[in-house]
Amino acid sequence: MNDRLIPWVLPFTVFLLWFLSSEMEIVPLYLFPHPFEVAQSGWSYIFGKIGDEPYAGRFVYDLAASCTRISLGFGLAVMTALPLGLMSGRNRFVHRLLGTSVDGLRAVPGITWLPLAMVWFGIGIKTTVFLVGMAAFFPIYLNSATGAREVDPLLLQAGAMMGVNRFNAVFRILIPAAMPSIVTGLRLGLGISWAYLVLGELTGVPNGLGAIIMDARMVGRTDIIVVGIFLVSVIGRLSDLLLKLLLRFCFKNAL
Amino acid sequence: MNDRLIPWVLPFTVFLLWFLSSEMEIVPLYLFPHPFEVAQSGWSYIFGKIGDEPYAGRFVYDLAASCTRISLGFGLAVMTALPLGLMSGRNRFVHRLLGTSVDGLRAVPGITWLPLAMVWFGIGIKTTVFLVGMAAFFPIYLNSATGAREVDPLLLQAGAMMGVNRFNAVFRILIPAAMPSIVTGLRLGLGISWAYLVLGELTGVPNGLGAIIMDARMVGRTDIIVVGIFLVSVIGRLSDLLLKLLLRFCFKNAL
Amino acid sequence: MLCDKNVFLGVENLGKQFPGNGTPLTVLENINFEAEDGEVISIVGRSGCGKSTLLKILAGFLKPDSGSVFFKGSRVHRPGPDRCVVFQEDALFPWLTAGENIAFGLKRQIRDGSRIEREVDRFLDLMGLSQFRDYLPREISGGMKQRVALARVLILNPEILLMDEPFAALDAQTREEMQELLLELWGQFSHTIVFVTHDVGEAVAISDRVIVMDKNPGRIKDVINIELERPRRREDVNFMRFYSRLYKLLRD
Amino acid sequence: MLCDKNVFLGVENLGKQFPGNGTPLTVLENINFEAEDGEVISIVGRSGCGKSTLLKILAGFLKPDSGSVFFKGSRVHRPGPDRCVVFQEDALFPWLTAGENIAFGLKRQIRDGSRIEREVDRFLDLMGLSQFRDYLPREISGGMKQRVALARVLILNPEILLMDEPFAALDAQTREEMQELLLELWGQFSHTIVFVTHDVGEAVAISDRVIVMDKNPGRIKDVINIELERPRRREDVNFMRFYSRLYKLLRD
Amino acid sequence: LSGSGFILSGFGFILNGSGFILNGYAFADQNSDSSQGKVISCKIGTWKTAQTIQPFFYDKFVPRGLKTEVLHFTNPGDQKTALLAGELDMCGTTLAHAIHSASRGQPVVVVAALCNKCSALVAREGGDLSTVSDLKGKKIGYVPGTMHEILLRETLVRNGLSPERDVLLTRVDFFDMGMALAGKGIDAFLSGEPFPSLAVLKGYGKIISYPYYGESIGTINAGMLVRKETIKENPQLVHDLVLAHAMATRYLLANQKEWLEKSSTFGVPLDVLEKAASNMELAWEMDELFISQARALGERMEALGVIKKQPDYESLFNLEFVEKVKKELE
Ligand SMILES: Nc1ncnc2c1ncn2[C@@H]1O[C@H](COP(=O)(O)OP(=O)(O)OP(=O)(O)O)[C@@H](O)[C@H]1O
Ligand SMILES: Nc1ncnc2c1ncn2[C@@H]1O[C@H](COP(=O)(O)OP(=O)(O)OP(=O)(O)O)[C@@H](O)[C@H]1O
Ligand SMILES: [Mg+2]
Ligand SMILES: [Mg+2]
C-alpha cells in the first residue's frame, strides 16, 4: 500500500462507518447527523456569507481569535513550565519545592479555575489565556523535568570544561540533550491547549472555535459540534506539525 | 530547613496570602470566601450529617463513586494507550497508521465528545468512563511511544538470544526499558483523568467529586468549588504517589 | 559447495551489504569457514572490517544478503539460546540486579524456582560475584559487568558462544584474568567459541584458530592455526612467533 | 610543603573519599606530584584505583577532601578551557555535527564567524576528518569520534590536556595511529599532557614520566622516568625494558 | 488551598505584567458621570437564548452617551461571579439563582424581570407516557439547584408522586437533555426552551406538561441583576438600563418576527423558535405578586435544602426602577 495513504486509512474507515450507519439510519438522524448534513454545515461555516445562516462565514474570524489565544496561552505555558521543569529536573531543592504542589494541581479540573480566574483576571482574554496556559503547563513541566533529569552529566561537564557558563549551558547543552522529552511535552501541551480552548472561550469572549462549539452545544446543534471536532482536530494536527517542524529546524536531534 | 518541610512552603505561602487578603478584605468576601468559611464548608462536606446542609456529608460517597470511575477510565486508557503507544514507538506501520489520527484527536476538546459518547454509550457510567479514559489516553500513548522508540535495540537482541519470544519481550524488556517515559505518561494521564472527571460526571451520574464541583458552579458556591479544588488536588497527589509506589514496586528502575 | 551436514557450524559464501548514501556498502564478501564442536575460533581485523556484522549474522540478528549459515545441519534463521552472544557494548538489563540478569535466560527455560536459584548461585560463585548478587549493573565495575554478561549466557549452556570484543574495555590485568577464566570455563563446559577481538595477544592466547579479516570489503585474508599447548605463556618464544606473524598480517 | 609558586601544575597531599555504604571509601590518599610545562605524564593503575577521580579533580569537576591542586600558582576551583579533558566515555554532543562539535568551545571565546570556520577547517584537516565535517557523532566510527573529541579541545589551545583512557576502545592499529597523531600534535603545540591509561605499552610510548598507582586506597606507588628518545619504537630493547618494568610494578 | 501558589502567582504576574497588551478593553470603561457628554460604555451579561435576548437590543434604547457591550455566558453562576467581580454592570439571572445568592449574603439586587415561563416537561415520543402520573418509576433528567428542579419537584408532588421514592431523578446537563432523551438514557426531562420544542420538532419528544402553578411560583423565571453598590453609586445608570430593558422588551413583544429572527442567529432553527414562542414570555415588569411568587420559590428551595435560610426579599427585589420606568413610559 502506498505509504502516504496509510494515515488516511483510519479516518476513512470511520467516515465510511458513519456514512453507512447514517444511510441505514442505524442511529436516528436527529441523534447523530448525516455526514452530508455536517459537510453542508461545515461548508457554510467556512465559506458561507455572514448572516445567511447562524454560523455562516464565521470560521476565519473564529480561527484568528482562537489562534491568538492559543499562541498566548501556550507561549505563557512554555515560558513558565520549561524553565521550572528543567530546574526541577536538575535541582533537588526546586523539585521538592514544586513537586508536590504541581502534582496536586495537575489533577484539578480546568473548569474549576474559571470562577477563580474571573475573580483574578476579570472576564476577557486574560482569563482565556490563563486557562489555556494552565492546561499546557503540566505536560511541559513534567516532560521537561524527566528529560532534564536524564541528561548525561558528562555532557554538562564537557561543556563546563569548554568554558560554557551555567546560563549558557541551559541553552547549549541541557535543552538540546533533553529535547526528545521536551518535544513530547510540548506536543502534548499544544494538543491540550486546543482541547482546553472551549473552557477558555466559555465565558466573556464573543468568538473563537471554542466559543462556537459551546454555542452549538448550548442550542443542541450536533452538526456544528461535529464540524468543530473536525476543524479542531485538523488545526490541532497542523499546529502539531508546525511545532515539530519548528523544533526540527531549531534542534537537529529533536525527533 | 528541614527537608520534609520544603514541599509545604508553597501551599503555606498561598494560604497565608489568601488568609491575609481575606482578613484585609482586599477581595470582597462574597466574591472569594474566607479560608475559615471554606474550611467550614469542607468540614461539613466531609464530616457533616447528610441533610444538615446542601452538601453535608456527601464526601465519602462522592469519593467512592469518583474513584471507581477514575479506576475504570484510567485502566481503560492504560489498557489501550500503552500497547498502542509501544507498538507505534517500535513499528513504523502502526506509527503511520495511528500517528495522524491520534495527533488530530488530541486537540479535540473533551466536552465535544460528550454528545457523541451519549449516542454511543447512553448516559451513565459508560460515558463517564469513556471521557475519563479518552483524556488519559493521549499522554500515555505519546509518552510510551517516545519511550519505546528510544529503547536500545541491543537489549531486545540480548533478550531474543536468551530465548525470549516476541510477546514476552514486551513485558520483560520493552516495558521495563521504556519505563521512565511510561511513568511520566501514566502520571500525566492519571492527573488529567482527575481533571476530566468533571466532564465525565456532568451528565448521567448522581454523585461524585466532579458532579459536586459542577453543581456548585451552577449555583455559584465558590466555597464548595475551592473545597473541590483542594480535595481533588490532595486526592490527585495521593493517587500519584500510589501510582509511583506501585510502579516502583513492580519495576525497579522506574524513577 | 553444499555445506556438509556433519559440520557443526558452517558459513558459506556469506555476503552482506548496507545501504550507504547512494551506493550500497559491501561489508562482507564471500566469507567461508567451518568450526568443529568445542573449537575456539578468533576473528581479528581492523575496526570496521565487519567483525561485529559477521557475528550478528551468526547469532541470527541480521540476515545475510547472500550465502548462509548452517548450524548442526540446519540453516540459522533467528536468535536462540543455543547460540549466545556476549556483546561488545554493555547489554545487561539495567533494571535487574546481577543475580536477576544471570537468572533471566534460565527463567525462560525452566520453571523450578529453587533450581534456578541454585544455578545462579553456582555461576555467581564461579565468576567470583557472590557478593554482588543484589547489585544493579550501574553499581558494579566494568570488569564485573562483563563477568555477569558471560555468566548470563553460560548458564544457558549454549552450544556456541559468540563473543564480540568482550574484554576490550578492561584494563590489561583484568583482561588477562578474564581470559584465564574463560579458558577455565571452556575447559569445564567445552562450548564452541567464536571470539572477535582486535587484540592480537588475546587471539593467540585463547584460540585454536585465528581468522584474519581484510577491510573494504570484509573478507577472509588468512586463517592461522595456533598450535600451542595450553596453558600458554606470553613469555614463550612460540607465543611471540604467532603474535608477530598475526601482527604483521594485520599491518599489511 | 607549600606548593612552589613557580611550579606549572602542582598536586599536594590530595585525598578523596566517597560515601560508601556505611563506611566512607577512601579512593585517593596523599597524592603528590608536579608537572612541568610541556611534559607528558602518564598515570597507570588497575581498574578502580582512582585514576579517573584524580583526573576529575585536576579538571575541577570534583572537589578534593584534603589537599589541593595548583595551576600556575593559583588553586584550581572549577573547570575551564585552560585545562581540557578528553573523556574515557564518548562525550560528544550528539546533536551537533563533527564540525559543530569542534567549533563549540571556540564559539564561547571568539565571535568572529569566519575565523571560527577557518580554525575548524584547520583542525578537521589536521585530524584527517575533512570529509566528515557534517556527520553526526552516531554516523562515524569510534576512532573518528575520539579524534573529534581531541580536536574540540585542542582547538581551544589549552595549557593542560587531561586525557582519560582516550584510546581504550580502539583497535590496536587505530590506537597506535592515534598515539602517533597525539605526539605529532604535541610536537606542534607542546601542551602539558596528563594521560590516564591501563595500557602499559601506551604509557611507555608517549610519556616523559609514568606515575604508577596502587589500589585500595589509591596512592602513588612509583614514578618512572622514561628516558627514551622520540620517536620510540616498540621493537626497541629499551622500550621492552621499560615495558617489563612497568608491567611487573603493576602486577605486584 | 494546596499550593496553587507558584504557578498561579507566576501566571498572574505575567498576565498582569503584560496588562498593557492584554488589557486592551478590560478596564477602560468604569462608569462615570454620564452628563459629561463623553460616551461611556457598560457591560451586560446574558445567555444567548431567545428568552434572554433583550440586552442585545439595549443600544437602540439607551440615552446618548451610553453604550452597552453584551457578554454572553452559559451558566448563571459564572455570570454572577463576573457581576460581583465588577466585570459586569448588569446581568441576567434565574430567580432561583438570585435567591440562592442573596441568601448567602451576596450584595445583589434584582431590578427587573427578564422572562417568564420557558419550562416544559418533556417525555419521549412514542412512549407510554402521556400524563405526569405516568412518570411513576421512570427516569427523569434534571439540573440540580436550578429553577427547573424546583418546578419538577412541584409538578411531581402535585401529581401525587414522591420525587424521592416514585421516580428516579438523574443529573443531566441542560444541553445534554435532548441527547439523553433521544438515546433512551432518560424517559423524561424538565428543562427550558428551546430544548422542549427542539425535542418535539425533531420528533423524539412530546410535551406532557407546563409546570406553572399560578397560586404559588407561577410563571416567573428570570430577572436582571445588579450590585447593591451600583444602585447606591450610580442609580442613573441602573435607571437608564432598566428603561432600555423595558423598551427593548416592548419592542420585541411588538415585533415577534424580528425577535425570533435575531434569536435564530444564535443557532436555533427558526421553526423551533416559532414553536417555542408561545412558551416564552419576555418580561420586564415586577410587582408584589412577582415577589410573592419568588417567596414561594424561596420556600421550596429551603424545604429542599438548596438554601439554608431565606434571603431578605425586600432588599433582593427593588421595584423602584421598574415603577419609575413604568410611569415614564405611560
Ligand atoms: N546498521 C548499519 N547500517 C549501515 N552501516 C552499518 C551498519 N552496521 C555496520 N555498518 C557498517 O558496516 C561496517 C562494519 O561494521 P562492524 O560493526 O561490523 O565493524 P567491526 O569490525 O565490528 O568494527 P569494530 O572493531 O569497530 O567493532 C562499518 O563500515 C559500518 O559503518
Ligand atoms: N560518584 C561516585 N560515588 C561513589 N563511588 C565512586 C564514584 N566515582 C568513583 N567511585 C569509586 O571510586 C573508585 C575509583 O573510581 P575511578 O573511576 O576513579 O577508577 P579508575 O581508576 O578510573 O578505574 P577505570 O580504569 O575502571 O576507569 C571506584 O572504586 C569507584 O567505585
Ligand atoms: Mg564491532
Ligand atoms: Mg576511569
Side-chain angles (χ1 to χ4, degrees), chain B residues 78 82-83 85-86 89-93 96 140 143-187 243-255, chain C residues 52-53 55-62 76-110 134-139 145 148-164 166:
Chain B
V78 173
L82 201 59
L86 292 175
R90 298 294 324 166
N91 184 316
R92 233 186 79 78
F93 178 77
R96 283 197 71 78
I140 302 178
N143 274 293
S144 42
T146 304
R149 191 164 39 243
E150 283 173 17
V151 168
D152 190 346
L154 211 60
L155 297 181
L156 294 168
Q157 291 184 348
M161 135 203 128
M162 286 189 285
V164 180
N165 59 32
R166 283 180 143 250
F167 178 76
N168 271 329
V170 173
F171 294 94
R172 301 276 165 210
I173 302 170
L174 193 59
I175 293 183
M179 208 19 88
S181 262
I182 295 178
V183 170
T184 303
L186 290 177
R187 292 179 60 201
L243 181 75
K244 271 206 249 181
L245 226 70
L246 198 80
L247 287 168
R248 199 171 302 174
F249 178 77
C250 298
F251 303 94
K252 277 187 213 104
N253 82 330
L255 277 190
Chain C
S52 296
T53 308
L55 214 70
K56 280 181 187 159
I57 294 174
L58 294 182
F61 296 141
L62 280 179
V76 162
H77 287 295
R78 65 172 74 85
D82 48 355
R83 281 159 290 120
C84 276
V85 183
V86 178
F87 291 92
Q88 183 168 9
E89 306 91 346
D90 170 30
L92 296 180
F93 300 123
W95 57 91
L96 299 179
T97 62
E100 289 166 343
N101 262 295
I102 295 173
F104 187 91
L106 204 57
K107 278 195 189 153
R108 308 278 87 69
Q109 298 185 347
I110 55 179
D134 295 328
Y135 282 56
L136 288 175
R138 62 169 169 272
E139 294 167 349
K145 276 190 220 175
V148 175
L150 190 55
R152 76 168 175 181
V153 299
L154 284 180
I155 204 172
L156 300 178
N157 200 16
E159 303 191 66
I160 300 189
L161 207 54
L162 304 166
M163 305 181 78
D164 193 358

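Lettering of chains follows the sequences in order, A, B, ..., and the numbering in each one begins at 1. As a basis for the values below, the full set of heavy atoms in this structure was taken, side chains included, without hydrogen atoms, waters or symmetry mates.
For C:Ala149, the side-chain contact (heavy atoms from CB on, under 4.5 Å) criterion is met by C:Val86, C:Leu92, C:Gln146, not counting sequence neighbours.
With a 4.5 Å cut-off on non-hydrogen atoms, C:Arg152 touches chain B through its backbone and its side chain both. Heavy atoms of C:Ala59 lying under 4.5 Å from chain B are absent altogether.
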List the atom pairs, donor and acceptor, that lie under 3.5 Å between side-chain atoms in residues 156-184 of chain B and the rest of the protein, sequence neighbours left out.
residue: B:Asn165; atom: OD1; partner: B:Phe167; partner atom: N; Å: 3.3
residue: B:Asn165; atom: OD1; partner: B:Asn168; partner atom: N; Å: 2.7
residue: B:Thr184; atom: OG1; partner: A:Thr146; partner atom: OG1; Å: 2.8
residue: B:Thr184; atom: OG1; partner: B:Pro180; partner atom: O; Å: 3.2

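In plain terms, the two heavy atoms of C:Ala91 and B:Leu155 that are nearest each other are O-CD2, 3.6 Å.
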